[in-house]
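Each chain gets a letter, A, B and so on, in the order its sequence line appears, and its residues count up from 1.
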Number of protein chains: 4
Amino acid sequence: MNFASDNVTGAAPEILAAIAAANEGAAMPYGNDPVTKRLEAAFNGLFERTVTAFPVATGSAANVLALAVMTPPWGAIYCHPESHVNTDECGAPELFTGGAKLVPIPGKAGKIAPADFAAVLAGAGKGVVHHVQPAALSLTNETEAGTLYRPAEIAALAEIAHKNGLYVHVDGARFANAVAALGVSPAELTWRAGVDALSFGATKNGALAAEAVVFFEPKLAESFGYRRKRGGHLFSKMRFVSAQLEAYLKDDLWLRLARHANAMAKRLADGLAAIPGVELLYPVEANEIFARIPAAAITGALAEGYVFYRWQGEGDEKCRFVCAFDSKVADVDGLLASLRRHASAAARKRA
Amino acid sequence: MNFASDNVTGAAPEILAAIAAANEGAAMPYGNDPVTKRLEAAFNGLFERTVTAFPVATGSAANVLALAVMTPPWGAIYCHPESHVNTDECGAPELFTGGAKLVPIPGKAGKIAPADFAAVLAGAGKGVVHHVQPAALSLTNETEAGTLYRPAEIAALAEIAHKNGLYVHVDGARFANAVAALGVSPAELTWRAGVDALSFGATKNGALAAEAVVFFEPKLAESFGYRRKRGGHLFSKMRFVSAQLEAYLKDDLWLRLARHANAMAKRLADGLAAIPGVELLYPVEANEIFARIPAAAITGALAEGYVFYRWQGEGDEKCRFVCAFDSKVADVDGLLASLRRHASAAARKRA
Amino acid sequence: MNFASDNVTGAAPEILAAIAAANEGAAMPYGNDPVTKRLEAAFNGLFERTVTAFPVATGSAANVLALAVMTPPWGAIYCHPESHVNTDECGAPELFTGGAKLVPIPGKAGKIAPADFAAVLAGAGKGVVHHVQPAALSLTNETEAGTLYRPAEIAALAEIAHKNGLYVHVDGARFANAVAALGVSPAELTWRAGVDALSFGATKNGALAAEAVVFFEPKLAESFGYRRKRGGHLFSKMRFVSAQLEAYLKDDLWLRLARHANAMAKRLADGLAAIPGVELLYPVEANEIFARIPAAAITGALAEGYVFYRWQGEGDEKCRFVCAFDSKVADVDGLLASLRRHASAAARKRA
Amino acid sequence: MNFASDNVTGAAPEILAAIAAANEGAAMPYGNDPVTKRLEAAFNGLFERTVTAFPVATGSAANVLALAVMTPPWGAIYCHPESHVNTDECGAPELFTGGAKLVPIPGKAGKIAPADFAAVLAGAGKGVVHHVQPAALSLTNETEAGTLYRPAEIAALAEIAHKNGLYVHVDGARFANAVAALGVSPAELTWRAGVDALSFGATKNGALAAEAVVFFEPKLAESFGYRRKRGGHLFSKMRFVSAQLEAYLKDDLWLRLARHANAMAKRLADGLAAIPGVELLYPVEANEIFARIPAAAITGALAEGYVFYRWQGEGDEKCRFVCAFDSKVADVDGLLASLRRHASAAARKRA
């Protein structure tokens with residue numbers, strides 16, 4: 001009954017089993033183990049080319065370490081104002097980049113429009129020492145509004161970025177949900193569209209604590225090992241992180257889990273749309289739903305034990321619901337019934 | 001047959017079981033879960049007072065986040081030249097402290113002598129803007145030489161530190177081995193002796209990836225939450241880190257595991273001492289052994305599949321052997337037999 | 001004929017003379033000299049109370065060092081989007097604060113409105129580890145739009161800041177122009193209105209290279225000496241910086257110079273307003289003028305050797321004109337004549 | 001009568017005159033002025049090749065900005081333990097490099113021996129992510145012990161550095177004294193010997209506040225402009241810094257000033273050596289003298305108004321005397337007479 005986030009979930013059984021299986025005798029530390037070796041091949045297969053993939057354990061680490069290799073300390077990183085790196089990292093990007101500046105570019109439904117990006121770059125003062133220098137574009141896909149960038153949209157942005165000497169990063173904390181929803185290949189949604197580095201998330205979709213930074217531009221990978229270590233993000237018993245990712249990729253587990261989450265979100269969105277007084281705020285394209293809900297319905301459902309966030313806190317009628325790999329049909333339907341009941345009771349009172 | 005480090009080990013079964021047990025339904029993220037709540041009480045019990053303990057997942061993170069709250073960016077952190085923070089963190093302390101300076105104070109067998117510490121402080125230029133300002137003392141216990149600080153030794157150093165306005169940190173990556181070997185309480189070896197913050201290690205002694213930063217000085221804890229977050233070290237599914245620590249502390253598992261490691265090290269040290277041509281370099285007080293070994297014996301044992309480090313790399317006769325919670329008597333005895341055989345063969349040849 | 005900025009000027013003769021006068025024999029370095037001592041008293045007198053004032057040599061240094069003592073590395077500094085610290089420091093605030101975040105609050109004519117500030121603070125997530133923490137408000141007075149904050153306006157903003165635990169900084173690169181224009185005392189425009197620290201500029205108004213960071217909140221001054229030193233901003237021959245400031249303050253030289261600049265700007269603004277097709281963009285309250293000018297007039301005046309900036313570069317019709325302590329009536333009138341001539345020629349052509 | 005340092009001096013008249021001469025009308029800011037343009041040519045001439053030279057105003061800024069372009073944040077900078085960058089910058093190198101580590105290599109009389117440097121590099125763990133990575137060698141010439149590196153000595157160290165992929169920096173706060181004393185060309189003492197970047201000092205030798213960072217390796221210069229700006233070290237009225245350097249170089253003023261300082265130091269050293277009980281601690285090769293002086297002589301001379309430093313503070317018999325461009329023969333002889341008188345009085349008392 002918890003729709004607060006996909007990080008309130010536990011672990012998928014396959015992933016727990018992989019951790020137990022990795023617990024066999026001694027293995028050399030810091031990634032010099034057989035599981036981590038096998039994982040490299042798995043990522044190459046996944047992306048249909050040679051990539052360099054570095055396991056880490058939090059999404060914050062993945063994002064800020066990836067950005068750190070893309071920008072000098074006086075660089076500008078362009079991102080959506082609501083992006084996680086801009087609003088939810090307590091300054092981690094600034095720490096790891098040595099002080100680079102996140103420059104927000106507003107846009108509808110969590111997405112940056114190519115024309116807006118181009119306009120910002122045109123006025124950025126490239127080569128002028130007084131201004132931070134354009135260095136990277138960071139997109140989130142699935143976005144923080146629950147919407148998706150299509151390959152062609154990414155390609156349009158990446159083309160502008162590359163023409164201006166910037167790198168392109170994708171925060172893929174919910175990359176699985178994006179791939180599953182769009183029915184495209186991981187390659188199409190990343191390097192074929194011009195992405196240079198991807199934060200490939202697994203934690204929100206069934207892992208305990210496992211992400212990978214995947215580089216498609218090899219020279220970006222050169223300093224990553226040092227940066228990961230000095231960030232305190234190099235795990236001695238790396239095999240236990242790698243094992244999670246290996247299991248996650250195996251037999252398309254990651255996509256199966258994400259498809260379930262997306263299907264639950266669709267069921268929830270459809271149900272919400274049918275409740276009088278409820279308004280969906282963005283297209284529901286993957287596993288996150290933003291909706292304006294009558295206050296009485298919010299209060300009522302929360303009181304019955306359903307958990308979800310009022311987006312700006314106390315009193316806000318904008319709510320977020322996130323479905324996950326283990327969301328249950330009964331819980332979705334129960335939540336809908338609760339909201340519907342409280343909404344119509346309130347409507348009757350007003351009438 | 002791997003004595004390279006205690007981080008080549010896997011996880012203790014009790015700890016794996018605790019992870020599985022924590023995988024029950026939804027739990028609020030970032031430490032707002034029942035396991036993390038219970039863990040707080042467990043740490044208070046362990047240290048016989050109220051402490052503030054923050055779970056993290058690597059020893060590097062524990063050490064550098066603990067140091068970061070103790071020093072301004074222009075501070076000096078005093079440590080042994082061979083300490084992990086000084087030699088093995090690729091600059092992580094400098095990153096997390098915003099550029100503080102590690103000032104090494106040499107000393108025998110991995111330990112800092114109070115007189116040397118006092119002398120360095122006397123010449124440090126306190127209050128003079130040209131010099132970095134004395135801020136913290138970082139001790140490692142069990143030291144990097146496998147030796148131990150006793151409570152009275154720590155108290156003598158802490159007294160000097162506090163008199164001069166410095167905080168005292170202990171890197172306890174192998175704190176369990178120290179407590180088990182000395183037969184003192186965790187309280188006696190820390191706050192009762194003047195320690196302000198402890199990096200309480202579990203990873204090397206049976207956890208997958210779990211450490212805690214324990215503050216005995218409450219005001220040091222104030223900014224820790226922000227620092228952990230912006231270091232990318234706040235885990236969304238924290239319960240899986242906390243569960244490891246809870247199991248680690250339960251029924252003194254941590255001490256049982258450490259006692260075994262220490263016993264294996266004693267067995268190995270006694271055996272080594274009896275091999276002609278082998279010299280133990282430091283007192284063997286816990287689970288690490290440094291010994292000078294005849295080159296032929298090193299080569300021979302490595303060739304038979306035993307794993308351990310030549311300390312300075314290729315060609316060094318100084319070797320390190322680390323015993324762990326799961327070291328096997330047969331492996332210890334096998335290694336001893338191998339070294340003995342190759343050492344005496346070489347001796348015969350020379351004769 | 002150069003209206004590009006007030007930093008294209010040289011030095012006032014009184015200030016050059018003071019430098020020569022300070023060149024008498026040996027003096028102890030780093031501020032332990034008689035001139036710097038006398039300067040302290042001069043600043044106390046200027047502000048009608050005990051202050052702590054630190055000479056530095058650039059406005060960038062003054063601003064970023066002042067901000068650095070007001071915020072932790074995970075803090076938020078609120079400022080106008082067009083403020084110098086936000087747009088023209090190439091990331092200096094981020095460097096000196098260890099990665100704090102500048103959060104822009106838009107507002108008319110270069111000024112932040114109290115209601116907007118309050119609204120941003122209300123949604124800032126104080127105490128939540130995921131978000132940078134509100135730490136400081138930085139105002140510019142004279143603003144980057146050439147407008148002025150009155151004491152009551154500053155007081156309204158400072159009250160909100162202090163109520164929420166933030167410090168208030170004023171970038172006073174053109175503080176002299178503000179004080180001269182408003183006819184208030186330095187005290188009224190700063191600490192009596194709630195300002196905690198002021199970057200007191202002199203370079204733009206007749207010094208060669210001299211600014212002072214003035215603290216009204218004593219505890220902010222505690223770490224400043226260390227920060228200035230480790231920023232490379234502690235001058236060994238400090239007397240030559242201090243001598244500039246002493247001469248600047250003596251007999252109200254600073255206000256006389258600023259009054260002249262302001263008067264020249266008024267003359268220029270009045271003349272501009274009378275040219276058909278020219279539009280003043282903001283109230284002209286001190287020594288900076290922003291105006292929309294017909295393209296032909298811009299091109300014509302530039303071709304005749306008048307120097308001023310098209311604000312967004314090539315092709316922009318928004319122009320900035322800055323008058324300075326040494327601007328000449330003849331140059332102002334010449335510029336006006338040139339613009340008028342070219343504007344009317346263009347108008348005739350179109351007709 | 002002040003021998004505390006060469007930074008207690010004022011400015012040479014030629015340099016003051018140049019500042020006054022530069023005060024002519026408007027000039028574009030930030031180095032886009034005619035004086036700064038001319039200075040570029042002057043530096044090319046001085047070094048007999050094209051160099052890139054950046055004026056700054058403090059020696060701290062010159063050193064740390066130069067080092068910052070040579071090392072990643074996880075780099076190691078090798079230097080003498082007594083070097084200014086290691087002991088007297090309050091952490092400025094760490095701030096500007098983003099946390100690089102200064103690794104001291106001890107050596108006699110302020111100099112690093114090639115064999116010691118090679119040995120340290122051999123054990124540095126190049127390519128191993130756990131260790132900071134060798135990045136730069138920083139030499140001081142004239143050293144902090146008043147001794148000099150000859151071109152061949154620098155070449156031997158630079159060869160080791162370059163073979164291992166490190167850059168070579170020279171802190172030349174007293175570079176003039178070195179060049180004047182050795183009778184070599186600036187080229188021979190720098191790039192011809194393998195130096196990649198030089199902090200070219202002028203402040204201690206007659207300027208008010210002027211230094212230059214001179215790059216012989218062009219690619220090091222690429223990011224310098226951004227780094228200088230974001231360090232707050234880009235002066236708007238740059239012409240006043242450049243004018244000092246131009247006058248300093250003109251007609252070999254810099255060498256004439258330095259020759260005088262060196263000659264005064266020789267006179268003082270010869271006199272000291274003749275005083276019974278006085279011991280010169282290092283060869284006196286330029287303008288700094290370190291000597292052990294009987295306590296009574298120290299106290300006596302200080303009481304008579306002579307100024308010099310007891311090196312480790314209160315009670316130390318190791319004293320430093322620095323001669324400068326404006327030291328007077330009468331003061332040198334007066335100091336010698338005073339020390340001689342007090343030393344022999346004390347000797348008589350003991351007898």
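- Interface summary for chain A: among C:Asp88, C:Val132, C:Leu95, the most heavy-atom pairs under 4.5 angstrom belong to C:Asp88.
- Between the side chain of A:His131 and the main chain of C:Thr87, a donor-acceptor pair closer than 3.5 Å is present.
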Extract all donor-acceptor atom pairs below 3.5 Å that involve side chains of residues 99-109 of chain C and protein atoms in other chains or at least two apart in sequence.
residue: C:Lys101; atom: NZ; partner: A:Asn86; partner atom: OD1; Å: 3.0
residue: C:Lys101; atom: NZ; partner: A:Glu94; partner atom: OE2; Å: 3.3

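- Only the backbone of A:Glu89 comes within contact range of chain C, judged by heavy atoms closer than 4.5 Å.
- Checked against salt bridge (Lys or Arg N to Asp or Glu O under 4.0 Å), C:Arg320 has the following partners two or more places apart in sequence or in another chain: C:Glu288.
- Of the listed residues (C:Gly91, C:Cys90, C:Gly125), the one with the most heavy-atom contacts under 4.5 Å to chain A is C:Cys90.
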